[in-house]
Amino acid sequence: MVGIRTYYNILANILVTSSAALITTTLTSPIAAGETQKLRWWVPFSVGATGGVRAQIVVPAAGTIFNATITLYNTVAPTITTAAQAASAAFTNALANAGTHWLLIEATIVNGVNTGNVDFQMAQNTSDALTLTILRGGSLEVIKSK
């Protein structure tokens, strides 16, 4: 089956200061009832010396399949942290290394009967006065099929 490919990107830096409440990154894809989407996010961000990062893929209720792999690249103290998810849940990391890092997330979503959005959200892991900046140029590539 041929899929429809769509590309989204972040047009301006998004600042998160003193908040662990998830916000949209604008990397959002509308999803129809019964639709399948293969999604790939590449999200560069910078953090202060504390605060860390929290990220979550938010989907419509009653979906039938949710599979995601998350890879966090720490470029200051070179490490790679991975996670796999079978349901929408927050990925968190203390990431106490000031500098620029990035997330690479791949997911397959098969939606149920509820239309809505597949929305990628981020925040600080713990509220901190040092800003987490979701950087311009982050992207989402989506392949949609029925």
Does any non-hydrogen side-chain atom of [Y] lie less than 4.5 Å from one of [X]?
X    : Y    : value
S29  : K144 : yes
L132 : V53  : yes
T82  : T69  : no
L39  : I109 : yes
I80  : L72  : no
N111 : V59  : no
S88  : Q56  : yes
Q85  : N67  : no

Hey, are [Y] and [X] close enough side-chain-wise for a donor-acceptor pair under 3.5 Å?
X    : Y    : answer
T17  : T131 : yes
T28  : D119 : yes
T108 : Q37  : no

Rounded to the nearest 0.5 Å, what separation is found between the [atom1] atom of [X] and the [atom2] atom of [Y]?
X    : Y    : atom1 : atom2 : answer
I105 : W42  : CD1   : CH2   : 13.0 Å
T92  : R54  : OG1   : CZ    : 6.0 Å
T26  : L140 : OG1   : CG    : 9.5 Å
W41  : I70  : CH2   : CD1   : 9.5 Å
I31  : T115 : CD1   : OG1   : 10.0 Å

Inset, instruction - Decide salt bridge (Lys or Arg N to Asp or Glu O under 4.0 Å) for R40 and E141; before the verdict, give the C-alpha distance in whole Å, the side-chain angles of both, and the deciding distance to 0.1 Å. - result: CA-CA 5 Å; R40 182 182 180 130; E141 183 178 3; 5.7 Å; no
Legend entry - Minimum heavy-atom distance A123-S19, with the two atoms named: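 Heavy-atom minimum between the residues: CB-O, 4.0 Å.
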Inset, instruction - Would you sort out whether N9 and S139 count as a side chain to side chain donor-acceptor pair (under 3.5 Å), showing the intermediate values? - result: CA-CA 4 Å; N9 65 348; S139 63; over 6 Å; no
Should [X] and [Y] be regarded as members of a common hydrophobic cluster, given that ILVMFWY residues are connected when their side-chain heavy atoms come within less than 4.5 Å of each other, either directly or indirectly?
X    : Y    : value
L130 : V47  : no
V76  : Y73  : no
L15  : L135 : no
L27  : F66  : yes
Y8   : L103 : yes

Legend entry - Name of the residue among I14, L95, T133 meeting side chain to side chain contact (heavy atoms under 4.5 Å, CB included) with F45: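 Exactly one candidate clears the test, L95.
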Inset, instruction - Before giving the answer on side chain to side chain contact (heavy atoms under 4.5 Å, CB included), spell out for I4 and I143 the whole-Å C-alpha distance, their side-chain angles and the decisive distance to 0.1 Å. - result: CA-CA 5 Å; I4 298 170; I143 301 171; over 6 Å; no
Does the [X] side chain pair with the main chain of [Y], one donor and one acceptor, at a distance under 3.5 Å?
X    : Y    : value
Q121 : T25  : no
T75  : T100 : yes
N13  : R136 : yes
N114 : A61  : yes

